[in-house]
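Report on the following structure.
It should be emphasised that the depicted structure is a prediction, and the values quoted were computed from it without experimental measurement. First the proteins, then the strands, lettered A, B, ... as listed; each starts at 1.
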There are 2 protein chains.
Amino acid sequence: MQTVTTATVTRPLPAAVVMMHRPTATMPPRPTGDGMQRAITKGEELYAEGDAAEFFYKVVSGTVRICKVLNDGRRQIEAFHLAGDIFGLERGSIHRFGAEAVDDLVVVVYRARHLEVLLRNNSELGGQVMRSVLASLDRARDHMVLLGRTSARERIASFLLDIAGRLADGDRFDLPMQRADIADHLGLTIETVSRTLTQLAREGLIKLAACGRSVVLNDRGRLHQLEAA
Amino acid sequence: MQTVTTATVTRPLPAAVVMMHRPTATMPPRPTGDGMQRAITKGEELYAEGDAAEFFYKVVSGTVRICKVLNDGRRQIEAFHLAGDIFGLERGSIHRFGAEAVDDLVVVVYRARHLEVLLRNNSELGGQVMRSVLASLDRARDHMVLLGRTSARERIASFLLDIAGRLADGDRFDLPMQRADIADHLGLTIETVSRTLTQLAREGLIKLAACGRSVVLNDRGRLHQLEAA
DNA sequence: CGGTCGGTTGAGTATGCTCAATCCACGTGG
DNA sequence: CCACGTGGATTGAGCATACTCAACCGACCG
């Protein structure tokens, strides 16, 4: 695999590429030759906005944030991707958003130009990709409603339920990302995120532990009510 | 074509269906049998949130708004679709957002279950669909940045440039939708939309005519500067 | 032990919202 | 032809939600 560099000189170097002769067990036999695993350490950039979109990815473990930074530093995190999610597929030849590792991360890498072949072959991966694109679109639409029309409380409640649904076993889970990431995902400031979480904890809807990453949902019912529908 | 009703009894009846033995000239010969044109009058619902997603559509002329209404009446317009745009394709079997005619509208109707066939056949329409889904995703992502991280001025400037790019011939165009639609698309109130437009007009960036629908972009440069990037 | 990073909390403020009045274009009926 | 009603747009005044700026806290690490 050749280097993917295109954009600035200053951004972190691509993380080490780990060759594996077979992707994870969750992946059926692939018709094409690509599918290497790659490990990225917390905070590293997988690709930057503007990079050539040579590859797309599937999360094996860890968390990715997809983001755009405006000229004056404002940032919007379009989505977080967790184990099993596919991301990085683009319409054009460059990435319109950047992808960064929220925590330590392992992904499978696929060559983007094989996409059309995959679709035509009616391969399992091809179907997976089409479904995942439509899933991304669904998520994006719901998130637009959240960003355009809901209060801070509603956003936080919605976010907690979303993350819980994706990685909680029962009612407990650890947030993989820090407050700034949550804020930039929900269109809020870190202060508002912090205050709102504290507020929900005071009211007994959730429980927050020491460092603020561990969350217990005490009252899914009321949280769900808070969520606008 | 059989009726598409699934949801409420109260919503407007499906508009008249006009059979044509051939879609518009912009469409290459289709491998499948569907592709009827349908005319919808201003304000009518093409499908509601929750309706079975039997069909997807392509705009021939007019404007569509894709929207979700929350239980308490708050509304978010996910997108406007203009001539040439494809919309209404869903991941699941129901529409997660409703579609309504902003003005008088003509669309071509395609049967959704043919989609997989289209993709496998490597037909032109299949490619068009995949590209249009990815285009919708790009739009959705950009719109999330707008909703999450920009000011009212930036939103309005961005919106005007977007619409102009899609239907202006030169620097003049007529907004197909009313203030309430713009507000619900940009996550603002009608009052803020109105004030901001008036403000931009006062500053000479744009010119607004009589009923407020006709817009002239006097200074694309400064508008583009206003747009966050 | 000091520094840094992430998180929380407080005080004051600003942007955009709410509520309300007014305006204007247009269609309808007397 | 004009009075009237209606729907959409504009404008004003006051307010609320979330932001800004700032201090502080606690954990972790060198």
Answer yes or no: is there an ion pair linking [X] with [Y], defined by an N-O contact shorter than 4.0 Å?
{"X": "A:Arg75", "Y": "A:Asp181", "result": "yes"}
{"X": "B:Glu78", "Y": "B:Arg96", "result": "no"}
{"X": "B:Asp85", "Y": "B:Arg166", "result": "yes"}

Within the pair [X] and [N], is there a side-chain N or O less than 4.0 Å away from OP1 or OP2?
{"X": "B:Ser194", "N": "D:dA9", "answer": "no"}
{"X": "B:Arg213", "N": "D:dA9", "answer": "yes"}
{"X": "B:Thr198", "N": "D:dT11", "answer": "yes"}

Exercise. Take atom CG in B:Asp169; do more than 12 heavy atoms of anything else shown fall under 6.0 Å from it?
Worked result: no
Rounding to an integer number of Å, can you tell me how far [X] [atom1] sits from [N] [atom2]?
{"X": "A:Glu154", "N": "D:dA16", "atom1": "CD", "atom2": "C1'", "answer": "15 Å"}
{"X": "A:Leu146", "N": "D:dA18", "atom1": "CG", "atom2": "P", "answer": "12 Å"}
{"X": "A:Glu191", "N": "D:dT20", "atom1": "CD", "atom2": "P", "answer": "8 Å"}
{"X": "A:Gln178", "N": "D:dC28", "atom1": "CD", "atom2": "P", "answer": "15 Å"}
{"X": "B:Leu147", "N": "D:dA18", "atom1": "CG", "atom2": "P", "answer": "15 Å"}
{"X": "A:Leu208", "N": "D:dC25", "atom1": "CG", "atom2": "C1'", "answer": "16 Å"}
{"X": "B:Arg202", "N": "D:dT11", "atom1": "CZ", "atom2": "C1'", "answer": "9 Å"}

Exercise. Is the backbone of B:Ser151 close enough, under 3.5 Å, to the side chain of B:Glu154 for a donor and an acceptor to pair up by distance?
Worked result: yes
For this session: Looking at every strand, decide which applies to B:Ile190 at a 4.0 Å heavy-atom threshold: base, sugar-phosphate, or nothing.
Result: nothing
Seminar exercise, completed: 5'-most contact on DNA chain C (nearest-nucleotide basis), A:Arg149 vs A:Thr192, goes to A:Thr192
Seminar exercise, completed: Closest non-hydrogen contact found for A:Ile66 with A:Ala99 is CD1-CB, 3.8 Å
For this session: Please find the earliest and latest nucleotides of DNA chain C, in the 5' to 3' direction, that have an atom within less than 4.0 Å of any heavy atom of chain B.
Result: C:dG16 to C:dA20
Exercise. Any N or O donor-acceptor pair linking the side chain of A:Arg195 to the base of D:dT20 at under 3.5 Å?
Worked result: yes
Exercise. When the aromatic ring centroids of A:Tyr47 and A:Tyr57 are compared, is their separation below 6.0 Å?
Worked result: yes
